[in-house]
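Heads up: the structure comes next, in structure tokens.
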Amino acid sequence: MSKNFTVLRVDASARKERSLSRALADRFEGEWRARWPDDVLLRRDVGAAPPPAVSEAWIGAAFTPRTERSLEQQRLLALSDTLIAELRAADLLVIAAPMYNYGMPAALKAWVDQVVRVDETFSFDLGRGDWPLEPILEGKSLVLLTSSGEFGFAPGGPRAGMDHLTPHLRTVSRYFGVGEIHRCAIEYQEFGDERHRRSVAAAQADVVRLVEELSERRLSSAA
Ligand SMILES: Cc1cc2nc3c(=O)[nH]c(=O)nc-3n(C[C@H](O)[C@H](O)[C@H](O)COP(=O)(O)O)c2cc1C
């Protein structure tokens with residue numbers, strides 16, 4: 001029996017109130033639910049409950065073969081196992097992330113470090129030469145919903161080259177099994193002016209269009 005289509009929503013803002021990235025994810029979730037009420041929705045709020053940073057003992061446990069792990073090592077990897085199971089189940093991954101200090105929030109990076117794990121989400125083989133890492137998962141789509149206080153991070157913009165949020169997630173998402181990425185972005189939050197209001201409205205409209213596009217594609221691939 002085929003499993004239900006599964007969406008994993010990961011929220012990374014430390015703010016619960018007035019978070020723009022969460023508001024975009026709420027819009028995405030609402031539009032998606034309206035079209036696909038039977039989908040499974042998993043939520044992982046790393047902004048509210050950041051996973052721990054990996055430690056020397058955690059790394060030792062991750063690189064110990066599964067059958068040889070002590071109970072303590074199994075305990076150390078328990079959260080990672082849960083987070084990886086959520087990722088594995090997901091057909092569509094929605095990450096709502098603020099820009100903090102030109103990159104991703106530490107809580108989101110901690111999640112990345114917990115899920116990108118040898119023999120779980122990537123394999124490592126020096127027989128592959130200079131590119132020994134290969135993803136194990138595949139076929140997922142990533143929707144990245146971001147918010148930043150400043151603006152102009154796109155190529156040609158005044159802050160081109162200063163965005164280390166989207167390029168980092170783009171690079172590492174290969175090990176989430178992501179094959180395609182879609183992004184809707186809010187800018188100008190710190191200015192609180194008309195440009196910001198326009199940016200919020202445009203990003204919300206982008207989210208609605210994206211849900212339409214992904215839904216139409218899903219319908220036509222099922223036909
Ligand atoms: C700790 C922190 C660091 C931030 N660093 C940046 C930054 O480097 N560049 C930027 O454009 N905005 C920065 N901002 C502004 C946030 O990106 C902006 O407020 C965004 O809307 C936060 O997302 P949220 O509304 O979902 O909480 C920072 C905000 C905080 C709280």
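Reckoned from all heavy atoms, side chains included, excluding hydrogens, waters and symmetry mates. Fair warning: this is a prediction, and the values are worked out from it, not measured in the lab. Heads up: numbering here begins at 1 and tracks the sequence. Note that ligands are numbered from 1 as they come in the structure, with each ligand's atoms numbered from 1 the same way.
With sequence neighbours left out, Y100 forms a ring pair (Phe, Tyr, Trp, His ring centres under 6.0 Å) with no residue at all. For F191, the ring pair (Phe, Tyr, Trp, His ring centres under 6.0 Å) test picks out F151, with sequence neighbours left out.
Using a 4.0 Å heavy-atom cutoff, F151 is absent from the residues neighbouring ligand 1. Assignment of E187 to the shell around ligand 1 is not supported, since no heavy atom sits closer than 4.0 Å.
Here is the list of ligand 1 atoms found below 4.0 Å of a heavy atom in S13: 24 (P), 26 (O), 27 (O). Within the listing of ligand 1, atoms 12 (N), 13 (C), 14 (N), 15 (C) sit less than 4.0 angstrom from a heavy atom of E190. Residue G149 approaches ligand 1 through these ligand atoms, each under 4.0 Å from one of its heavy atoms: 10 (C), 11 (O), 12 (N), 15 (C), 16 (C), 17 (O), 18 (C).
Around atom CG of L219, more than 12 heavy atoms belonging to other residues, nucleotides or ligands sit under 6.0 Å away. A 6.0 Å sphere centred on CD of E72 holds more than 12 heavy atoms belonging to other residues, nucleotides or ligands.
The closest protein non-hydrogen atom to atom 20 (C) of ligand 1 is S147 OG, 3.4 Å. Given atom 31 (C) of ligand 1, the protein heavy atom at minimum distance is Y100 CE2, 3.7 Å. Shortest contact from atom 11 (O) of ligand 1 to any protein heavy atom: E150 N, 2.8 Å. Here the protein heavy atom with the shortest distance to atom 8 (O) of ligand 1 is Y102 N, 2.8 Å.
Checking only distances, M99 does come within under 3.5 Å of ligand 1, N or O to N or O. Taking distance alone, with nitrogen or oxygen atoms compared against 3.5 Å, P98 stays at or beyond that limit from ligand 1.
Residue contacts with ligand 1, taken as heavy atom pairs separated by less than 4.0 Å, involve Q189 solely via side-chain atoms from C-beta onward. Here Y188 has no heavy atoms under 4.0 Å from ligand 1, in either its backbone or its side chain. Of the heavy atoms in S21, both backbone and side-chain atoms come closer than 4.0 Å to ligand 1. Here R15 has side-chain heavy atoms under 4.0 Å from ligand 1, and that is the only part of it that gets that close.
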Exercise for review: Would you check, one step at a time, whether the test side chain to side chain donor-acceptor pair (under 3.5 Å) holds for R128 with S123?
Suggested key: CA-CA 11 Å; R128 297 188 187 120; S123 61; 2.9 Å; yes
Point to revise | CA sep, side-chain torsions, deciding dist, call: Q73, T64, side chain to side chain donor-acceptor pair (under 3.5 Å) | key: CA-CA 9 Å; Q73 286 180 316; T64 300; 3.3 Å; yes
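Closest heavy-atom contact between P51 and L79: CB-CD2, 4.0 Å. Across all their heavy atoms, K140 and R88 have their closest contact at NZ-O, 3.1 Å.
With respect to D26 and R22, no salt bridge is recorded, no charged nitrogen being found less than 4.0 Å from a carboxylate O.
Judged by a 6.0 Å distance limit and a 45° cone about the ring axis, R9 is not positioned over the six-membered ring of W32.
For atom 7 (C) of ligand 1, the choice among L145, N101, L20, V200 with the nearest heavy atom turns out to be N101.
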